[in-house]
Amino acid sequence: MRARGGVTCARRRDQRCKLAPVALRLFDTKTRQVRDFQPLEPGKVSLYYCGATVQGRPHVGHVRSAVAFDILIRWLEASGYDVLSVRNVTDIDDKILEKSAASYAEDFEPSADYPAQEPWFALAYRFEQAFHAAYDALGVRRPRYEPRATGHITEMHQLIQRLIDAGHAYPAVDGSGDVYFDVRSWPSYGELTHQRVDDMQDAPDADPRGKRDPRDFALWKGHKDGDPETASWDSPWGRGRPGWHLECSAMSTKYLGSTFDIHGGGLDLRFPHHENELAQSAAAGDGFARFWLHNGMVTYEGEKMSKSVGNTISPEEMLEQARPKAVRYFLGQAHYRSQLDYKPGALQEAEAAVERIETFLQRADDGMSRFGWTRYPEAFAEAMNDDLNVPAALAVLHESVRAGNTALDSGDAEVARERAWEVSCMMEVLGLTDVPEPDLVSGPAEQALGQLVATLLRERAAARADRDFSRADAVRDQLVAAGVVIEDTPQGARWSLSRAASASQAKEN
RNA sequence: GGUGGGGUGGCCGAGUGGUGAGGCAGCGGCCUGCAAAGCCGUAUACGCGGGUUCGAUUCCCGUCCCCACCUCCA
């Protein structure tokens, strides 16, 4: 089979793909340009992106970020790269300690193990699992490594020491045990977000503590009275715990080396988090990230979704409204750097679009497995290579669906199968093929349902043959009312369970 | 005060100096006993005011509005 007008990767699906040089271009926050992406090491991409601070349940904003980077990784892999991906878990943090201490963590149920108060590490782990559940539910693949902050105290100490030795960090003069990064000692500070220290707004609650400059930030936070002993580690500067920014610098370079290809995260992490990471690592002598990628925020009717505003929507709430695949489609459909606005009804639109694609794949599903290679329309590859222009890529996908449907209508099964295979390949890159879908029915129930429906369909077919359409329609109405959708095809009636109906039923229950 | 992003048809959402992506919804047609699915066709657009240009939604200037970051935040 020769590919016409397509980018073909002549490999078996399980083999490494060697492609023509990929002309991937990515927008880099630091240079504010779309730049040609060439990895440090040919054929390999090292990627670090910020995961969650596990102080609460995930909302769709968190998942959107994960979906964006999942698509990036999938496209890099589809382009033939071996991607070494790392995503951190921040499992020690002010808020985690606060929530634990106050025992007001959402969803906390007292138990025999933790009757009165949930220890901070138990709380963190519980929410880490909640994040995993959300990612899994939407087909976000796990990164190669997923390090936790508390497991890398040694690496953080080493980094602090290097910064002190280089004159860019200092122990607090007030004896608090804090260690700060000296912003004024690093002239490049602000280079990621193009800000000058002197232009920055004074923090409203600027408490200089032992700082030389109010913008200096903590690398190490000294133990305070009331902090749990389990949340403090010995260090050359006294007992304490790591600062948030430090952990990412320490962990990214541990797993990816002192210079790596891509550092990602949400737009809201640019400052101060990523700015501080960059300052620390660069001041310590690391090359650090070559590209900085930031995904846009999810808004709810125009306003940023966040815990503090209280306008969050959880993945679970979305999954009550639509199938996982539709939720994933919704979260991935806008360009990753764009703001993605959620409003009621948005998921139904996504559901309809996914339905259209899947209906085509079902219609064309006949012997597709014989296509052993992966193939994308050239326009799809161009769109993806253009800073992951997923909206444009989806337009290509839908064009393939249309072309395939047209082929089916004209009886050209061969072309239809080719289009269907292309569509499948594109769906895979977008992560839409391995979103887990709940089994609507299986096993004995499936068999029983199949027989019952088949019986009714035979009855309907007989009625239609007798041209007794009122009887035929009555049968169909019965099935529809029960959530079974009927389509008449040249090969006879085809039935399927109404997914939308099952989703709304799940909500009622 | 500083730094960015954006305002596209009923909705979502790409893009471009000149033949109006794509999806959802609507309308008309084909197909169907009727539907469903599918296909074909179709209307409605680039916040506002100037400027450059043969021609701007696309470039420039001004202006209004929205959003994000400068504090924990994907």
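Sequence lines set the chain letters: A, B, ... in the order given, protein chains first and strands last, and positions in each chain run from 1. What you see below is based on every heavy atom in this structure, not just the backbone, and it leaves out hydrogens, waters and symmetry mates.
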Quiz item: Relative to the 5' end of RNA chain B, which residue comes earlier, V63(A) or R32(A), by the nucleotide with the nearest heavy atom?
Solution: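 Looking at the nearest nucleotide for each, R32(A) comes out on the 5' side.
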
Practice problem: Please tell me which of T193(A) and A334(A) maps to the more 5' nucleotide of RNA chain B, matching each residue to the nucleotide holding its nearest heavy atom. | Solution: T193(A)

Practice problem: Determine whether M251(A) and Y145(A) make a side-chain contact, defined as any pair of heavy atoms from C-beta on separated by less than 4.5 Å. | Solution: no

Self-check item: Test item: L97(A) and I92(A) side chains (from C-beta on) under 4.5 Å apart, heavy atoms
Solution: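 L97(A) vs I92(A): side chains touch.
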
Quiz item: When you check the phosphate oxygens OP1 and OP2 of C69(B), does a side-chain N or O of K304(A) lie under 4.0 Å from one of them?
Solution: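 It does, given that an N or O in the side chain of K304(A) lies less than 4.0 Å from OP1 or OP2 of C69(B).
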
Self-check item: C12(B) OP1/OP2 closer than 4.0 Å to side-chain N/O of K343(A)
Solution: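 True: K343(A) side-chain N/O within range (under 4.0 Å) of C12(B) OP1/OP2.
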
Take the protein atom [atom1] of [X] and the nucleotide atom [atom2] of [N], then report the distance between them rounded to whole Å.
X: M305(A); N: C67(B); atom1: CE; atom2: P; result: 15 Å
X: R419(A); N: G38(B); atom1: CZ; atom2: P; result: 18 Å
X: R476(A); N: A37(B); atom1: CZ; atom2: P; result: 11 Å
X: R57(A); N: A74(B); atom1: CZ; atom2: P; result: 15 Å
X: D386(A); N: A21(B); atom1: CG; atom2: P; result: 18 Å
X: N389(A); N: G13(B); atom1: CG; atom2: P; result: 13 Å
X: E275(A); N: C70(B); atom1: CD; atom2: P; result: 12 Å
X: D341(A); N: A68(B); atom1: CG; atom2: C1'; result: 13 Å

What is the nucleic acid contact for [X], judged by heavy atoms within less than 4.0 Å: base, sugar-phosphate only, or nothing?
X: L269(A); result: sugar-phosphate
X: G51(A); result: sugar-phosphate
X: H294(A); result: nothing
X: Q195(A); result: base
X: R337(A); result: nothing
X: G265(A); result: sugar-phosphate
X: V60(A); result: nothing
X: F271(A); result: sugar-phosphate
X: D198(A); result: nothing
X: S338(A); result: sugar-phosphate
X: R64(A); result: nothing
X: G302(A); result: sugar-phosphate

Tell me yes or no: between the side chains of [X] and [Y], is some donor less than 3.5 Å from an acceptor?
X: T53(A); Y: Q55(A); value: no
X: D93(A); Y: W120(A); value: no
X: D412(A); Y: S410(A); value: no

So which protein nitrogen or oxygen atoms get under 3.5 Å of nucleotides 23-30 of chain B's nitrogens or oxygens?
from: G23(B); atom 1: OP1; to: R402(A); atom 2: NH2; distance (Å): 3.0
from: G23(B); atom 1: N2; to: E349(A); atom 2: OE1; distance (Å): 2.9

Quick one: the side chain of [X] and the base of [N], do they pair up donor-acceptor inside 3.5 Å?
X: K95(A); N: C72(B); answer: yes
X: D473(A); N: G33(B); answer: yes
X: R363(A); N: G38(B); answer: no
X: Q333(A); N: G13(B); answer: no

When you measure from the side chain of [X], which nucleotide among [options] comes out closest?
X: R460(A); options: C34(B), C72(B), C11(B); value: C34(B)
X: N405(A); options: G33(B), A74(B), G38(B); value: G38(B)
X: P391(A); options: A14(B), C70(B), G33(B); value: A14(B)
X: D268(A); options: A37(B), A21(B), C69(B); value: C69(B)

Which nucleotide, in any strand shown, forms a Watson-Crick or G-U wobble pair with [N], with both distances under 3.5 Å?
N: A25(B); result: none
N: U19(B); result: none
N: U3(B); result: A68(B)

Span that lies between the [atom1] atom of [M] and that of [N], in whole angstrom:
N: U44(B); M: G49(B); atom1: C1'; value: 24 Å
N: C61(B); M: A21(B); atom1: P; value: 29 Å
N: C12(B); M: C46(B); atom1: C1'; value: 15 Å
N: U3(B); M: U71(B); atom1: P; value: 16 Å
N: A25(B); M: C31(B); atom1: P; value: 23 Å
N: U63(B); M: G10(B); atom1: C1'; value: 28 Å
N: C40(B); M: G23(B); atom1: P; value: 10 Å
N: A14(B); M: G7(B); atom1: P; value: 9 Å

Quiz item: Where do E351(A) and R323(A) land on the salt bridge (Lys or Arg N to Asp or Glu O under 4.0 Å) test, with the steps shown first?
Solution: CA-CA 7 Å; E351(A) 182 90 56; R323(A) 296 160 51 202; 3.5 Å; yes

Practice problem: Give the C-alpha distance, both sets of side-chain angles, the deciding distance and a yes or no for salt bridge (Lys or Arg N to Asp or Glu O under 4.0 Å) between D198(A) and R184(A). | Solution: CA-CA 10 Å; D198(A) 291 322; R184(A) 298 283 179 182; 3.1 Å; yes

Quiz prompt | R241(A) and D94(A): CA distance, side-chain angles, deciding distance, salt bridge (Lys or Arg N to Asp or Glu O under 4.0 Å) verdict | solution = CA-CA 10 Å; R241(A) 57 191 167 88; D94(A) 289 354; 2.8 Å; yes

Quiz prompt | Name of the residue among P143(A), S65(A), P147(A), C50(A) meeting side chain to side chain contact (heavy atoms under 4.5 Å, CB included) with R87(A) | solution =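 So, applying the side chain to side chain contact (heavy atoms under 4.5 Å, CB included) to R87(A) and each of P143(A), S65(A), P147(A), C50(A), only P143(A) qualifies.
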
Quiz item: What are the two closest heavy atoms between H245(A) and H273(A), and how far apart are they?
Solution: ND1-ND1, 3.0 Å

Practice problem: Could you check R363(A) against D409(A) for salt bridge (Lys or Arg N to Asp or Glu O under 4.0 Å), going step by step and ending with a plain yes or no? | Solution: CA-CA 10 Å; R363(A) 291 180 76 201; D409(A) 287 350; 2.9 Å; yes

